[in-house]
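Everything quoted here is computed from the prediction, not taken from an experiment.
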2 protein chains.
Amino acid sequence: MADIEKTSPSSKQEERLALLLWFRLSRFYNQSLRRSNAHLKEWGLTVTQFDVLVQIGAHEPLTQNELAEKLFVTKGNVTQVLGKMEQLGWIRREQEWRKKVLTLTSSGREIFREVVPHQEQFQASQFQGLCKEEQKQLLELLRKLQHHNEDMEGKR
Amino acid sequence: MADIEKTSPSSKQEERLALLLWFRLSRFYNQSLRRSNAHLKEWGLTVTQFDVLVQIGAHEPLTQNELAEKLFVTKGNVTQVLGKMEQLGWIRREQEWRKKVLTLTSSGREIFREVVPHQEQFQASQFQGLCKEEQKQLLELLRKLQHHNEDMEGKR
DNA sequence: CCTTATCAGTTTATACCTAAACTGATAAAA
DNA sequence: TTTTATCAGTTTAGGTATAAACTGATAAGG
């Protein structure tokens with residue numbers, strides 16, 4: 001990983017640090033994602049589907065647009081994912097006003113109740129390399145990054 | 001984001017913290033990814049292609065398998081991505097022994113030299129919400145997570 | 001009332017990524 | 001030798017994601 005330094009010997013140290021941070025972050029993220037998918041396979045669902053179940057389960061009823069915002073993905077993506085999940089009988093989409101209202105079916109709720117605790121436990125195991133204090137530190141650093149970038153977004 | 005707490009009122013605090021960490025991490029990661037892609041569009045390439053250029057540029061010659069390991073993706077994925085990049089004339093694949101040796105073409109090298117500094121600068125701007133000290137902290141936390149999870153991987 | 005804007009969701013084209021099965025070649029063991 | 005294992009890369013099927021163009025409905029202004 002440290003070989004990134006070979007990339008561009010002329011660049012400033014801070015810039016190299018940022019590139020290194022990005023590589024590490026994406027490595028950890030992708031590793032975790034892959035593992036979570038493998039873990040959730042036991043219940044026949046994917047991380048994306050899990051995320052959708054969590055959001056609808058915690059906030060129903062909500063619209064597709066709201067869901068897209070919470071998941072931080074495009075509405076086009078939500079359309080696709082929900083199509084599949086509706087077909088599987090986990091969620092309902094009901095036209096109401098100019099929006100579509102999302103709710104869990106009983107089968108969706110059952111999966112939600114069963115899987116969430118397992119996934120929470122699994123996710124905890126992924127972060128066990130850090131003690132509780134460090135986990136809070138990480139959370140705080142991520143929060144700062146978020147805020148800063150949202151501000152930048154606003155200024156454009 | 002704090003609404004995750006509503007998900008499962010019975011779960012232990014540490015487990016909820018882990019789920020929260022995961023949501024924040026994935027949010028920041030995906031946001032950064034999207035922005036990087038938008039930024040790199042100016043030069044007509046994607047983050048994945050940039051990563052490939054960086055790795056080949058810094059380590060050539062290397063094989064597809066080595067590239068897959070460095071990028072932490074599957075070899076099937078590498079096959080696909082390189083197919084496109086070969087077609088665009090940025091890289092060369094030469095059969096040698098039982099492996100394929102990857103090198104940059106002159107056009108690939110040119111892009112590499114031009115884009116890397118810009119992307120480094122851009123990436124630095126993404127982490128500007130943190131001071132240098134905090135950036136090092138974040139790097140260290142990610143390193144710890146990595147190590148812990150690689151150990152777990154080994155034990156299976 | 002009619003026109004125009006806005007808004008929720010869909011579609012399309014394209015790229016990324018995985019797991020798992022497969023191909024073809026080299027190497028190792030019998 | 002013949003068989004078997006291993007190894008690098010490819011293929012396939014399926015899921016995830018985007019941007020951008022589109023549809024159809026409601027709302028707002030003239």
**Complete:** Contacts of V78(A) and R34(A) projected onto DNA chain C by closest heavy atom; the upstream (5') one is V78(A)
**Prompt:** According to a strict under-4.0 Å criterion, is R93(B) in side-chain N/O contact with OP1 or OP2 of dA8(D)?
**Reply:** no
**Asked** If you look at every strand shown and take non-hydrogen atoms under 4.0 Å, does T46(B) touch a base, only sugar-phosphate, or nothing?
**Response** sugar-phosphate
**Message:** Ring centroids only, cut at 6.0 angstrom: are F112(A) and F50(A) within range, meaning strictly under it?
**Reply:** no
**Item:** For atom CZ of F72(A) and atom C1' of dT18(D), their distance in whole Å
**Value:** 13 Å
**Message:** Can you tell me if K100(B) touches the phosphate of dT10(D), counting only side-chain N or O atoms and a distance under 4.0 Å to OP1 or OP2?
**Reply:** yes
**Asked** What is the distance, rounded to the nearest whole Å, between atom CG of N37(B) and atom P of dA19(D)?
**Response** 9 Å
**Request:** Report which part of the nucleic acid K99(A) touches: base, sugar-phosphate, or nothing (heavy-atom distance under 4.0 Å, all strands).
**Result:** sugar-phosphate
**Prompt:** Just how far, in rounded Å, is P of dC16(C) from CG of L67(B)?
**Reply:** 13 Å
**Asked** Are W22(A) and Y29(B) near enough that their ring centres are under 6.0 Å apart?
**Response** yes
**Prompt:** Quick one: F50(A) CZ to dG15(D) C1', roughly how many Å, whole number?
**Reply:** 18 Å
**Request:** Counting heavy atoms from C-beta on, name the nucleotide in dG15(D), dT11(D), dA13(C) closest to the side chain of Q80(A).
**Result:** dA13(C)
**Request:** Could you check how far CD of E94(B) sits from P of dG9(D), rounded to whole Å?
**Result:** 13 Å
**Prompt:** Quick check: are there more than 12 heavy atoms from other residues, nucleotides or ligands sitting under 6.0 Å from CD of Q95(A)?
**Reply:** yes
**Spacing between Q64(A) atom CD and dA25(D) atom C1', to the nearest angstrom** = 15 Å
**Message:** Would the distance check show the side chain of S36(A) and the main-chain N or O of L33(A) forming a donor-acceptor pair, the cut-off being under 3.5 Å?
**Reply:** no
**Message:** List the residues meeting salt bridge (charged side-chain N to carboxylate O under 4.0 Å, His left out) with E114(B), not counting sequence neighbours, and say none if there are none.
**Reply:** none
Produce the list of close N/O pairs, under 3.5 Å, pairing protein atoms with atoms of nucleotides 5-7 of chain D; give distances to one decimal.
from   : atom 1 : to     : atom 2 : distance (Å)
dC7(D) : O4'    : R98(B) : NH1    : 2.6

**Prompt:** Within this structure, what is the CG-to-P distance between L71(A) and dG9(C), rounded to whole angstrom?
**Reply:** 13 Å
**Request:** Measure across L17(A) and K136(B) and return the closest heavy-atom pair with its distance rounded to 0.1 Å.
**Result:** CD2-CG, 4.3 Å
**Asked** Hey, which of these two, K75(A) or K41(A), hits DNA chain C nearer its 5' end, going by closest nucleotide?
**Response** K75(A)
**Asked** Within the structure, does a side-chain N or O atom of T48(A) lie under 4.0 Å from either OP1 or OP2 of dA17(D)?
**Response** yes
**Complete:** Closest non-hydrogen contact found for G57(A) with L104(A) is CA-CD1, 3.7 Å
**Asked** Within the structure, does a side-chain N or O atom of N77(B) lie under 4.0 Å from either OP1 or OP2 of dT18(C)?
**Response** yes
**Request:** Select base, sugar-phosphate, or nothing to describe what T74(B) touches, counting heavy atoms under 4.0 Å on all strands.
**Result:** base
**Message:** In this structure, how many angstroms lie between the P atom of dA17(D) and the CG atom of L82(A), rounded?
**Reply:** 12 Å
**Request:** Would you please test L141(A) and L130(B) for side chain to side chain contact (heavy atoms under 4.5 Å, CB included) and show each step?
**Result:** CA-CA 7 Å; L141(A) 291 173; L130(B) 305 180; 3.9 Å; yes
